[in-house]
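Have a look at the structure below before the remarks.
Remember, it's a predicted structure, so these values are computed and weren't measured experimentally.
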There are 2 protein chains.
Amino acid sequence: MSEAQSSADDGRASDDADPRGASRPVGLALRLIERVAEWQPIGASDLARRLALPKATVHRLLLALETFGWLERDGGSRPLWSVSMRPIAVGGRAIERKSGLRMAALSVMDALRHQTGESIHLGLVDGENIVLIERIDGVNSVNIFLPVGTSWDLSWSSSGKSVLAHLPEAELASYLQTPRYRRKSETDIIPATELRQELAGIRDRGFAISVGVPPAASSSIGAAIFDKRGRPFAGLSITGASDRLREEQLLALAPQITAAARRISIGMSMD
Amino acid sequence: MSEAQSSADDGRASDDADPRGASRPVGLALRLIERVAEWQPIGASDLARRLALPKATVHRLLLALETFGWLERDGGSRPLWSVSMRPIAVGGRAIERKSGLRMAALSVMDALRHQTGESIHLGLVDGENIVLIERIDGVNSVNIFLPVGTSWDLSWSSSGKSVLAHLPEAELASYLQTPRYRRKSETDIIPATELRQELAGIRDRGFAISVGVPPAASSSIGAAIFDKRGRPFAGLSITGASDRLREEQLLALAPQITAAARRISIGMSMD
DNA sequence: TTTAGCGTCCCGTATAATGGGACAAAGTAT
DNA sequence: ATACTTTGTCCCATTATACGGGACGCTAAA
């Protein structure tokens with residue numbers, strides 16, 4: 001009888017349906033924040049419809065999130081909602097104090113950008129995604145600046161693939177449970193065997209490359225960063241316009257990216 | 001610095017501001033996220049004590065926030081909590097879609113960094129703070145890379161002061177209601193009259209400067225960015241090591257920063 | 001002008017959060 | 001090694017709180 005939890009008909013919940021400790025309003029509120037961030041600026045009714053939730057419930061939560069400073073609305077007669085700066089401020093402070101990663105990586109990244117002239121990206125694994133947490137811009141002209149916080153499936157970036165390649169088999173299998181799509185045409189599924197084969201090569205060589213990635217055509221070479229226990233948890237990559245960084249040039253950067261990633265891993269292990 | 005005993009929360013919002021839609025658990029959960037971000041890694045009991053909340057309540061909320069993917073704990077025998085990548089991912093997507101600011105600013109910022117060799121910062125006003133939302137690194141060597149999400153009092157940065165200088169009198173008065181501290185020694189209060197005088201000069205000249213700011217000694221020159229209604233809502237600055245950017249060099253950059261800020265303002269008004 | 005849709009709010013009901021307290025295990029002092 | 005402190009975890013009766021159907025006035029489009 002302890003946790004009967006007769007979720008009868010509401011068991012929808014796109015991503016999380018895990019009532020440990022529960023707290024439904026909290027879950028709703030957080031989902032709201034995420035969806036508003038995705039669809040902003042958006043009106044209350046529209047939001048309620050898309051989430052399949054009662055208008056009154058959504059409205060009440062929006063009001064609450066506004067007074068807590070996480071959401072805000074423009075001053076139109078039909079208010080549209082957006083997220084405030086709060087998540088970024090929270091996330092920024094989090095990065096700042098997080099492990100030693102950022103600190104350990106910055107000097108290495110700076111050196112790397114001066115050696116190569118290209119932009120250096122540092123990503124942190126978040127579940128099945130890799131999130132950009134720091135970017136240092138190269139001297140060469142750059143056609144696109146990815147905002148910090150950009151999140152991609154692990155299979156979509158060179159650094160993500162490097163992480164995948166060094167994941168324990170059990171976790172890789174669980175990752176491959178869900179079909180993965182190609183970056184370019186988001187309807188093509190990548191066959192698991194094809195991905196496994198590529199990952200094997202990456203594991204041997206110690207780096208991954210990725211060519212002509214949308215939205216701007218950019219190419220990159222990446223390597224994984226490991227914690228003290230030898231677990232890959234972050235990735236480093238050199239990224240540039242794909243007309244300058246062709247496969248040939250990317251491969252020439254292999255020694256540098258692997259050395260840099262290794263140096264960061266070592267720097268992290270010294271705490 | 002006096003924050004040891006106040007326990008509750010000194011930021012803003014939260015607390016018992018009578019949330020219009022109520023939702024106590026939501027407020028608690030959000031406060032928890034913010035405080036964990038600030039104090040991470042932190043244990044549950046410690047957290048409960050600092051927030052003056054029952055241990056059981058905090059524990060339950062922590063569990064809920066973990067299942068929703070906003071907090072995570074390291075795997076020690078005494079778990080310590082930290083925030084996940086979720087807030088950054090949310091914030092990043094928010095920035096991406098926010099107004100046209102980032103898009104309008106990027107090309108101007110890129111041009112500026114090539115002209116000057118220094119790093120360019122773009123900040124967005126958030127209440128009485130200005131939050132760094134984008135940074136483009138200069139070619140010159142940089143001694144510190146501020147993480148996106150860094151948040152400062154408006155009076156602490158050149159871009160923040162530029163915004164203050166163009167605020168409507170009513171809002172400036174409200175801002176000055178609370179005493180402001182000097183950046184260097186956080187105990188010295190800046191007399192309101194002194195600040196007003198500096199702001200008057202900034203309003204006349206159209207830019208502000210700021211010299212030798214901790215933590216790394218860096219100096220900057222900044223200007224405000226206005227929306228279509230003429231309201232200052234963001235700031236742009238050129239920042240570099242203070243031994244290279246002395247007052248003389250900063251002043252020489254005045255035409256460039258004001259032109260760049262104006263160009264962004266105009267770009268924003270064209271929607 | 002009409003009308004479909006929106007934002008806003010009320011309020012009775014039933015659900016879900018609350019937090020004191022108990023407990024074992026981890027860490028600290030003796 | 002032993003006693004003591006503090007931590008993470010969980011239970012459960014109580015009651016405070018979120019829920020959401022529905023009503024209302026207003027906005028913008030037809």
Side-chain angles (χ1 to χ4, degrees), chain A residues 1-13 16-33 35-36 39-68 71-82, chain B residues 7-8 14-33 36 39-68 71-82:
Chain A
M1 64 179 70
S2 43
E3 62 162 63
Q5 179 61 359
S6 63
S7 59
D9 51 324
D10 81 324
R12 51 169 63 267
D16 4 47
D18 210 348
R20 192 167 64 123
S23 204
R24 193 174 110 96
V26 174
L28 285 182
L30 294 175
R31 246 169 72 200
L32 228 63
I33 292 173
R35 298 282 94 88
V36 168
W39 297 323
Q40 70 176 309
I42 189 175
S45 291
D46 194 5
L47 194 57
R49 203 176 311 113
R50 295 211 213 184
L51 287 168
L53 287 171
K55 208 168 49 157
T57 302
V58 169
H59 183 251
R60 176 166 29 81
L61 281 168
L62 286 173
L63 253 38
L65 289 170
E66 182 185 33
T67 71
F68 296 133
L71 297 184
E72 55 195 23
R73 44 178 160 181
D74 62 14
S77 54
R78 291 283 174 85
L80 296 177
W81 297 84
S82 317
Chain B
S7 72
S14 307
D15 219 17
D16 43 329
D18 180 33
R20 262 194 304 167
S23 204
R24 195 176 108 97
V26 173
L28 286 182
L30 294 174
R31 247 168 72 199
L32 228 62
I33 292 173
V36 167
W39 295 322
Q40 70 176 310
I42 187 176
S45 290
D46 193 5
L47 194 56
R49 204 176 309 112
R50 295 211 215 184
L51 287 167
L53 287 172
K55 207 169 50 159
T57 302
V58 169
H59 182 252
R60 177 164 30 82
L61 245 20
L62 285 174
L63 253 39
L65 289 170
E66 183 185 32
T67 71
F68 295 132
L71 297 184
E72 57 195 21
R73 43 178 160 179
D74 62 14
S77 52
R78 291 285 175 85
L80 295 177
W81 296 83
S82 315

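Between the CZ atom of B/Arg73 and the P atom of D/dG8 there is a distance of 10 Å, given to the nearest Å. In this structure, the CZ atom of B/Arg50 is 12 Å from the P atom of D/dT7, given to the nearest Å. Here D/dG8 presents its P atom at 13 Å from CD of B/Glu66, a figure rounded to the nearest Å. Nucleotide D/dT27 holds its C1' atom 4 Å from the CZ atom of A/Arg78, rounded to whole Å. A straight line from CG of A/Asp46 to P of D/dT27 spans 20 Å, rounded to a whole angstrom. Spacing between atom CG of A/Leu51 and atom P of D/dC19 amounts to 13 Å, rounded to whole angstrom units. If you take CG of B/Leu63 and C1' of D/dG8, they are 10 Å apart, rounded to a whole angstrom. Going from atom CD1 of A/Ile42 over to atom P of C/dG5 covers 17 Å, rounded to whole Å.
Counting distance only, with no hydrogens placed and no angle test, the side-chain atoms of B/Lys55 and the base atoms of C/dG19 include no donor-acceptor pair under 3.5 Å.
Proximity of B/Arg24 to the phosphate of C/dT18: a side-chain N or O atom is located under 4.0 Å from OP1 or OP2. OP1 and OP2 of C/dG5 both lie 4.0 Å or more from every side-chain N or O belonging to A/Ser45. Look at A/Arg49 and you'll find a side-chain N or O under 4.0 angstrom from OP1 or OP2 of C/dC6. Checking the phosphate oxygens (OP1, OP2) of D/dG8, no side-chain nitrogen or oxygen of B/His59 falls inside 4.0 Å.
The two residues B/Val26 and A/Ala29 have their closest heavy-atom pair at CG1-CB, 3.7 Å. Contact detail for B/Ala44 and B/Val58: the closest heavy-atom pair is O-CG1, 4.0 Å. Across all non-hydrogen atoms, the minimal contact from B/Leu71 to B/Val36 is CD2-CG1, 3.9 Å. A pairwise comparison of heavy atoms in B/Leu63 and B/Trp81 identifies CD1-CH2, 4.2 Å as the closest pair. Between A/Pro41 and A/Leu80 the shortest heavy-atom distance is CB-CB, 3.8 Å. Closest heavy-atom contact between B/Ser45 and B/Lys55: OG-CD, 3.3 Å.
The residue B/Ser77 sits close only to the backbone: its heavy atoms come under 4.0 Å of sugar-phosphate atoms, none of a base. If you check every strand for non-hydrogen atoms under 4.0 Å, A/Ala44 touches sugar and phosphate atoms only. Among the atoms of the strands shown, only primed sugar atoms or phosphate atoms (P, OP1, OP2) are found under 4.0 Å from some heavy atom of B/Leu28.
Of the candidates C/dA16, C/dT8, D/dG21, the closest approach to any side-chain atom of A/Pro25 belongs to C/dA16.
Note that the two end axes of the helix from C/dT1-D/dA30 to C/dT30-D/dA1 enclose an angle of 60°, each drawn from 5 base pairs, rounded to 10 degrees.
Going from atom CZ of A/Arg31 over to atom CG of A/Leu47 covers 10.0 Å, rounded to the nearest 0.5 Å.
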